[in-house]
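For reference, the structure is listed below as structure tokens.
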Protein chains: 2
Amino acid sequence: MRPYSHFLEQIRSAGLRPTRQRLALAKLLFGGEDRHLTAETLHADAQADKVRVSLATVYNTLHQFTDAGMLREIVVDASRSYFDTNTSDHHHFYFEKDGMLSDVPEQSISIDKVPDAPEGMIIKSIDVVVRIAEA
Amino acid sequence: MRPYSHFLEQIRSAGLRPTRQRLALAKLLFGGEDRHLTAETLHADAQADKVRVSLATVYNTLHQFTDAGMLREIVVDASRSYFDTNTSDHHHFYFEKDGMLSDVPEQSISIDKVPDAPEGMIIKSIDVVVRIAEA
DNA sequence: GTGTTTGCAAAGTGTTTGCAATTTA
DNA sequence: TAAATTGCAAACACTTTGCAAACAC
């Protein structure tokens, strides 16, 4: 597990004050394996970990971390926001039945020929979602 | 413009009764060029066309048409549902600034190597969204 | 006539906001 | 102590639902 100071520094360099809540959430988010999450699941994790954080603060923090490039938002469902601690370029399987996300193994998909952005615009990202249903 | 009977038949074959509302919406949806829309925009179009339809019925109809394969739902924004009258396999540009969608020209992008679906599951679709921002 | 569909208003869901109290620096 | 942050509850935007009246067949 990374040292406490790592999270502290990470939060500071995002221009944010390392509050108890942000430190606890950063530890949950970045302290282990990469993960996919929603505000609800992170809030539940915090509670399970006996960390007192309001849902509003979870939302604020998720957005602040996303703006700082520490998280990536994944849009797969019209009614829930997902975030990914892995901000590198990769694609997702979305299991519609249970609302779970997982990464598509890097070598198993590839995009040829990236389209040009219209004049005066830039491509922010190319998001690929492979929707999975039961056979 | 397609004849009235076309829409009537299209709705019937979806197992739905061709009500005044469904006919009017089908005409708006399928009577011209392919289009991208939300419940709100379709509702506004109906009003502009002097068609009295409630927003609830617009939502119901969009889902019924989607289930019947007449529309395709496009997920690009965590807080709004988009639909596309073009149900064939193609990808989208999403302009974050104004919430507009447009098709990616077919030849300008291509997916190599489609990943395998996990055991016992099937790939329902592979959705590609190219997010566009101002330069 | 029977079963389907509509429209309304109410309820629901996930998310954001306003603001006083608290915390950080 | 000045500025940032938190938590609550209220507000929000979009969508769904319950149900009586209207409609299709």
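Here is how names work: the chains are called A, B, and so on, in the same order as the sequence lines, proteins then strands, and each is numbered from 1. Note that these values count all heavy atoms, side chains included, but never hydrogens, waters or copies made by symmetry.
- Contact between Val75(B) and Val129(B) at its shortest, heavy atoms only, is O-CG2, 4.1 Å.
- What separates CG of Asp77(A) from P of dC14(D) is a distance of 16 Å, to the nearest Å.
- Counting to the nearest Å, the C1' atom of dC14(D) and the NE2 atom of His43(B) are 14 Å from each other.
- Between the CD atom of Glu73(A) and the P atom of dT15(C) there is a distance of 9 Å, rounded to whole Å.
- Taking for each of Ala39(B) and Arg12(B) the nucleotide of DNA chain D with the nearest heavy atom, the 5'-most of the two is the partner of Ala39(B).
- Aromatic ring orientation, His90(A) versus His36(A): tilted (interplanar angle from 30° to 60°).
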- request: Tell me, with the steps shown, if Asp127(A) and Tyr94(B) meet side-chain hydrogen bond (donor to acceptor under 3.5 Å, both in side chains).
  value: CA-CA 11 Å; Asp127(A) 299 344; Tyr94(B) 180 60; over 6 Å; no

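- Checking dG7(D), dC25(D), dT6(C) against every side-chain atom of Thr57(A), the shortest atom distance belongs to dG7(D).
- Here dT15(D) presents its P atom at 9 Å from CG of Leu62(B), a figure rounded to the nearest Å.
- Ile11(B) has its CD1 atom 15 Å from the C1' atom of dC25(D), to the nearest Å.
- Scanning both residues, Leu23(A) and Pro18(A), for their nearest heavy atoms gives CD1-O, 3.8 Å.
- Whole-Å rounding puts the Glu40(A) CD to dG12(C) P distance at 16 Å.
- The residue Ser81(B) sits close only to the backbone: its heavy atoms come under 4.0 Å of sugar-phosphate atoms, none of a base.
- Per the geometry, OH belonging to Tyr82(B) stands 10 Å off P belonging to dT15(D), to the nearest Å.
- The side chain of Arg22(A) places an N or O atom within less than 4.0 Å of a non-bridging phosphate oxygen (OP1 or OP2) of dT5(D).
- Look at Gln21(A) and you'll find a side-chain N or O under 4.0 angstrom from OP1 or OP2 of dG7(D).
- Look at dA3(D): its Watson-Crick or wobble partner, with both distances under 3.5 angstrom, is dT23(C).
- With a cut-off of 3.5 Å on both Watson-Crick or G-U wobble distances, the partner of dC23(D) is given as dG3(C).
- Residues Arg22(B) and Phe65(B) come closest through the heavy atom pair O-CZ, 4.0 Å.
- Only one option out of Asp45(A), Asp103(A), Asp84(A) pairs with Arg35(A) in a salt bridge (Lys or Arg N to Asp or Glu O under 4.0 Å); it is Asp45(A).
- The CG atom of Leu23(B) sits 19 Å away from the P atom of dT4(C) (whole-angstrom rounding).
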Under 3.5 Å, which protein N or O atoms sit close to an N or O of nucleotides 16-23 of chain D? Give each pair with its distance.
none

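- Side-chain atoms of Asp49(B) never come within 3.5 Å of backbone atoms of Val51(B) as a donor-acceptor pair (strictly under, hydrogens ignored).
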